[in-house]
Every structure is written in structure tokens, then in C-alpha cells.
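Encoded as C-alpha cells, the structure appears first; notes follow it.
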Amino acid sequence: MTQKQTSRSESDSESTSESPLETARRQLRAAADRTDVDDGVIERLNRPTRVVEVSIPLERDDGSVDVFTGYRAQHDDVRGPYKGGLRYHPEVTADECVGLAMWMTWKCAVMDIPFGGGKGGIVVDPKDLSADEKERLTRRFAEEIRDEVGPSRDIPAPDMGTDAQTMAWFMDAYSMQEGETIPGVVTGKPPVIGGSFGREEAPGRSVAIVAREAVEYYDESLDDVSIAVQGYGSVGANAARLLDKWGADVVAVSDVNGGLYEPEGLQTQDVPSHKEEPEGVTRHEGSHTVSNEELLELDVDVLIPAAIGNVITADNADRIQADIIVEGANGPTTSTADTILHERGKRVIPDILANAGGVTVSYFEWLQDINRRTWSEERVNDELESAMLDAWTDVKAEVDARDLNWRDAAYVVALNRIGDAKEARGLWP
């Protein structure tokens with residue numbers, strides 16, 4: 001195992017492929033100007049504590065051996081153990097993991113959860129793996145980074161290309177080497193082995209809660225609002241169906257192949273999510289089809305980009321018609337696009353608030369594992385609702401008091417909490 005710190009020079013000009021690290025650092029600089037947090041703290045937060053890179057040999061089903069690269073980035077742990085997902089994707093990089101880990105640090109601070117930010121993954125296309133190969137790869141990855149993780153050190157969770165089963169394999173591999181069952185080493189597990197009810201639906205539920213609150217803040221009613229959702233996976237489908245249930249008109253949804261558009265509103269329960277029927281949105285009959293690019297530019301009241309990062313860029317920001325954008329994905333809006341949207345009077349509710357339901361219920365799962373006591377799904381949802389409303393109130397207070405946009409306000413809340421923690425703990429030695 002090797003260990004290194006990474007840094008990346010930032011360009012003054014943005015491209016449509018702006019990395020999460022570039023975006024996160026630009027957002028940090030912008031927010032730092034609006035706080036009294038010490039410059040030394042900001043400089044420390046501009047870099048990760050460490051980035052671990054490992055090689056992961058995998059014996060294929062045919063007996064051949066391939067070697068994959070894995071990463072674990074740990075950004076900051078002043079408020080508690082590192083926390084963040086593991087993604088399996090062919091475009092995973094060290095810089096991407098660092099940027100996503102930074103966002104996790106802010107997200108946990110906005111929610112006032114006692115965790116810091118981490119992120120990791122393997123450079124692999126999970127579609128190219130059989131179930132047995134994915135299990136072997138996961139177990140070997142768990143062994144390679146075993147010294148870096150643990151329930152009081154760094155707690156992985158599912159992300160793109162991974163799921164509850166992946167976390168079960170990871171937890172089992174870690175526990176076997178430790179000689180005891182340690183469910184708290186990961187979150188997002190199946191409930192039968194210490195996972196939390198409501199965890200899978202939590203990011204989408206928090207997006208729906210925040211969208212509802214944003215609509216109300218701007219003196220609108222959900223009954224009169226049209227919504228488009230890009231990405232009908234775990235986050236997008238759960239958000240869309242809740243908002244539909246609460247009275248909104250969800251008029252467009254999409255997956256990787258494209259989307260459906262029905263101006264009078266879709267029956268979201270009838271449209272298959274990615275889990276229910278992978279890439280099945282466009283095979284659902286009865287509505288107009290649109291591309292993912294066209295969906296972003298529809299004339300709707302609320303847009304929820306819940307698929308991947310970098311979908312709202314300098315190239316299309318001036319064509320976004322929605323008045324409110326609620327970020328369901330991590331980093332869907334690049335820095336320059338964010339500026340353009342703000343100048344046009346569009347309200348962007350940032351990912352570090354909107355999709356924080358995932359890490360919040362992960363925290364609940366961690367608590368349940370420590371106490372060996374299971375919460376009901378009703379309790380989980382009630383606790384999540386309460387936590388999201390508390391966070392919304394804290395961010396809204398900054399918006400109202402200082403005339404900030406929503407992203408800057410969320411960062412101010414996060415940075416003040418992190419700055420206070422670093423001041424209280426000091427710098428050793």
C-alpha cells in the first residue's frame with residue numbers, strides 16, 4: 001500500500017469537464033471571503049489529510065488476473081471520523097475522490113453530524129464484472145485499505161456502482177480479519193446485518209424535503225409547481241415520487257438513455273426506476289421523449305439534476321428556465337454555471353444541503369450499530385425530516401441575514417462549524 005497527498009493546479013478558465021476538486025476549491029475560496037475563519041484553517045481545508053492508492057489484483061472467472069487501482073481520500077476529521085462513499089466507475093481518479101471528500105466534509109458540517117469527509121473507489125466498470133468477480137474485488141479492496149478504515153476512523157458507504165450488497169461484502173471481509181463482527185465499519189448495509197431501514201431512500205427523501213421547503217420559501221404551492229428530474233435512479237426516483245405524492249406535477253424524468261416529458265404530469269409510480277428496470281425510462285409508453293440535455297432546459301418551475309456531475313455548465317446555464325434548481329447529484333453545476341445562474345436570478349439549492357439525507361441516515365445507522373438497537377423506518381424518516389428542517393433553517397438564516405445565495409450560505413454554516421472545531425482542538429504539536 002502506498003500513501004500520498006495530491007494537489008492539482010487549477011485553471012482560471014472553466015471547461016465543461018471541470019473536476020469535482022476544481023469546483024470544490026473554487027467554492028471554498030468564494031465562501032471563505034464571507035466568513036471570519038482563520039486563513040490557516042482555510043489553507044488546511046484546501047488539501048486532503050491523505051490519499052491512499054492501492055493496487056487490487058482480481059482473479060477473473062476464466063482464471064486470468066487483472067489489476068485495478070483503488071483510492072481512499074480522507075479530507076478532514078476535526079469533527080469526527082471520515083465518512084463517504086465508495087464508487088466503482090471507469091473514470092474514478094484521485095482528484096475526483098478528493099473533491100468529493102471535501103463536499104462530504106461540508107455536508108456533514110451543514111447537517112451538524114459528527115463526521116468528516118472521505119471518498120473512495122475503484123477504477124472499474126462494474127458492468128464488466130460478474131457478481132462473483134465484484135465480490136472478490138470488493139473483499140480484496142477491503143483488505144488493501146483495512147488499516148485506513150474502521151467505525152471510529154473512516155466509514156465507507158455505497159455510491160455510484162456499489163450498493164448494499166457491496167457494503168455487506170466489505171463489512172464481512174473487514175470483520176473476518178478483525179476477528180469479530182463490526183457492522184459499524186460501513187453504512188448502507190442490508191438491514192438484516194445492521195443496515196438501517198430508510199437508508200436507500202434517504203438521499204431522494206431529503207431532496208424532496210428541501211425542494212418542498214424551497215417552493216414554500218418563495219411563496220409558491222407544491223400543487224402549482226412543475227418539476228423535471230434528470231436521473232431516475234435511487235435519488236431521482238424517490239424524490240420524484242415523494243413530490244408527486246405531495247401534490248407537485250413531475251412532468252419529466254430521465255435515465256442514461258433519455259427521458260419522458262408529459263406537460264400534464266407523469267404517473268411517477270408507473271415509470272420504472274433504474275433499480276426496478278435498468279435504463280427502462282424510455283421504454284415506458286405514453287409520453288413524449290426528450291434527451292437529457294433537453295430535459296435540463298424545459299420550461300418548469302423546479303429542476304432536480306440527480307444523475308451525474310457537470311451537467312449544468314457555462315454552455316447551457318443561460319438556457320436553464322427553471323426558477324429553482326435543487327441539486328440531487330454531487331456537483332451537477334460547475335462554478336461558472338453557478339455564477340451565470342445567480343446573475344440570472346435562478347436559485348440553486350446546493351448538493352451539500354439537498355442530498356444530505358444519505359449521510360444523515362448513515363449517521364443514524366452508525367448509531368444503531370454502536371448501540372445494537374434497530375430503529376423503525378418511521379422513526380428514521382421522522383428523525384431525517386427533523387434533521388433536514390434544522391439544517392434548512394440554519395442555512396435560511398444566513399440567506400436572510402446576509403443576502404447570500406443558497407450555496408454560499410450553506411458553506412458559511414459549514415465553515416463556521418469547522419473553524420470553531422479547529423480552534424477548540426488547536427494544532428498539534
Side-chain angles (χ1 to χ4, degrees), residues 14 16 18 23 204 207-208 210-233 235-237 239-244 246-268 271 281-282 287-351 353-355 399 404-408:
E14 179 210 277
T16 57
E18 177 179 296
T23 302
V207 167
V210 168
R212 181 194 68 200
E213 296 303 306
V215 168
E216 180 179 326
Y217 179 83
Y218 289 109
D219 297 322
E220 300 287 345
S221 169
L222 271 183
D223 293 337
D224 301 322
V225 165
S226 59
I227 299 176
V229 180
Q230 187 197 51
Y232 208 59
V235 178
R241 288 171 177 174
L242 263 180
L243 289 165
D244 186 5
W246 292 342
D249 288 327
V250 178
V251 300
V253 300
S254 70
D255 62 18
V256 67
N257 292 324
L260 301 176
Y261 174 50
E262 176 50 65
E264 299 303 316
L266 295 163
Q267 297 295 321
T268 56
V271 181
V281 168
T282 53
S287 301
H288 308 293
T289 58
V290 293
S291 68
N292 272 289
E293 293 75 20
E294 290 169 334
L295 182 145
L296 294 171
E297 300 170 14
L298 290 173
D299 185 9
V300 294
D301 299 304
V302 178
L303 172 65
I304 301 177
I308 58 175
N310 286 347
V311 296
I312 302 177
T313 70
D315 294 334
N316 65 358
D318 59 352
R319 298 194 299 275
I320 302 296
Q321 298 188 65
D323 293 321
I324 301 173
I325 297 96
V326 181
E327 295 185 331
N330 290 320
T333 311
T334 62
S335 300
T336 302
D338 211 32
T339 301
I340 294 170
L341 292 170
H342 179 64
E343 291 173 347
R344 295 181 59 217
K346 306 299 183 182
R347 293 85 172 228
V348 181
I349 316 297
D351 47 4
L353 172 62
N355 69 20
V399 171
L404 298 175
N405 65 42
W406 291 94
R407 192 182 309 280
D408 287 344

Exercise. Quick one: closest heavy-atom pair of Asp351 and Pro332, and the distance?
Key: OD2-CD, 4.2 Å
Practice problem: Check Ala307 against Gly231 and note the closest heavy-atom contact, atom names and distance. | Solution: CB-CA, 3.8 Å
Exercise. Mind checking side chain to side chain contact (heavy atoms under 4.5 Å, CB included) for Val290 and listing every partner two or more places apart, or none if nothing turns up?
Key: Tyr261, Glu294, Leu295
Quiz prompt | With Glu213 via side-chain hydrogen bond (donor to acceptor under 3.5 Å, both in side chains) - residues at least two apart | solution = none
Practice problem: Tell me, please, which residues at least two apart from Tyr218 pass side chain to side chain contact (heavy atoms under 4.5 Å, CB included). | Solution: Ile324, Arg347, Trp406
Exercise. May I have the step-by-step check of side-chain contact (heavy atoms from CB on, under 4.5 Å) for Lys346 and Ile325, ending in yes or no?
Key: CA-CA 7 Å; Lys346 306 299 183 182; Ile325 297 96; 4.0 Å; yes
Quiz prompt | Contacts of type side-chain hydrogen bond (donor to acceptor under 3.5 Å, both in side chains), residue Asp323, not counting sequence neighbours | solution = none
Quiz item: Which pair of heavy atoms, one from Ala314 and one from Ala337, lies closest together, and at what distance?
Solution: N-CB, 4.0 Å
Quiz item: Any donor-acceptor pair under 3.5 Å linking the side chain of Tyr232 with the backbone of Gly259?
Solution: no
Quiz prompt | Test log, rule side-chain contact (heavy atoms from CB on, under 4.5 Å), inputs Thr333 and Leu341 | solution = CA-CA 10 Å; Thr333 311; Leu341 292 170; 4.0 Å; yes
Quiz item: Quick one: CD1 on Ile312 to CD1 on Ile340, what's the gap to the nearest 0.5 Å?
Solution: 11.0 Å
Exercise. Work out which heavy atom in Gly328 is nearest to a heavy atom in Val235; give both atom names and the distance.
Key: O-CG1, 3.8 Å
Practice problem: Return the minimal non-hydrogen interatomic distance between Pro305 and Leu303, and the atom names on each side. | Solution: CD-O, 3.5 Å
Exercise. Would you name the heavy atoms of Glu327 and Val348 that are closest together and state the gap between them?
Key: OE2-CG1, 3.8 Å
Quiz item: Do the non-hydrogen side-chain atoms of Val311 and Asn292 ever get within less than 4.5 Å of each other?
Solution: no
Self-check item: Asn405: partners by side chain to side chain contact (heavy atoms under 4.5 Å, CB included), with sequence neighbours left out
Solution: His342, Arg407, Asp408
Self-check item: Under the side-chain hydrogen bond (donor to acceptor under 3.5 Å, both in side chains) test, residues paired with Asp255 that sit two or more places apart
Solution: none
Quiz item: Is the number of heavy atoms from other residues, nucleotides or ligands under 6.0 Å of Gln321 CD greater than 12?
Solution: yes
Quiz item: Rounded to the nearest 0.5 Å, how far apart are CG of Asn330 and OG1 of Thr23?
Solution: 11.5 Å
Give every donor-acceptor pair under 3.5 Å between a side-chain atom in residues 220-229 and any protein atom, sequence neighbours left out.
from: Ser221; atom 1: OG; to: Asp223; atom 2: N; distance (Å): 3.3
from: Ser226; atom 1: OG; to: Asp301; atom 2: N; distance (Å): 3.1
from: Ser226; atom 1: OG; to: Asp301; atom 2: OD2; distance (Å): 3.2

Exercise. Give, for atom CG of Asp318 and atom CG of Asn316, the distance between the pair rounded to the nearest 0.5 Å.
Key: 8.0 Å
Self-check item: Residue list, side-chain hydrogen bond (donor to acceptor under 3.5 Å, both in side chains) with Arg212, at least two apart or on another chain
Solution: Glu385
Quiz item: Atom CG of Leu298 and atom CD of Gln230: how far apart are they, to the nearest 0.5 Å?
Solution: 10.5 Å
Exercise. Just jot down the side chain to side chain contact (heavy atoms under 4.5 Å, CB included) partners of Thr289, sequence neighbours excluded, or say none.
Key: Leu260
Quiz item: From Ser291 OG over to Glu297 CD, what is the distance, rounded to the nearest 0.5 angstrom?
Solution: 8.0 Å
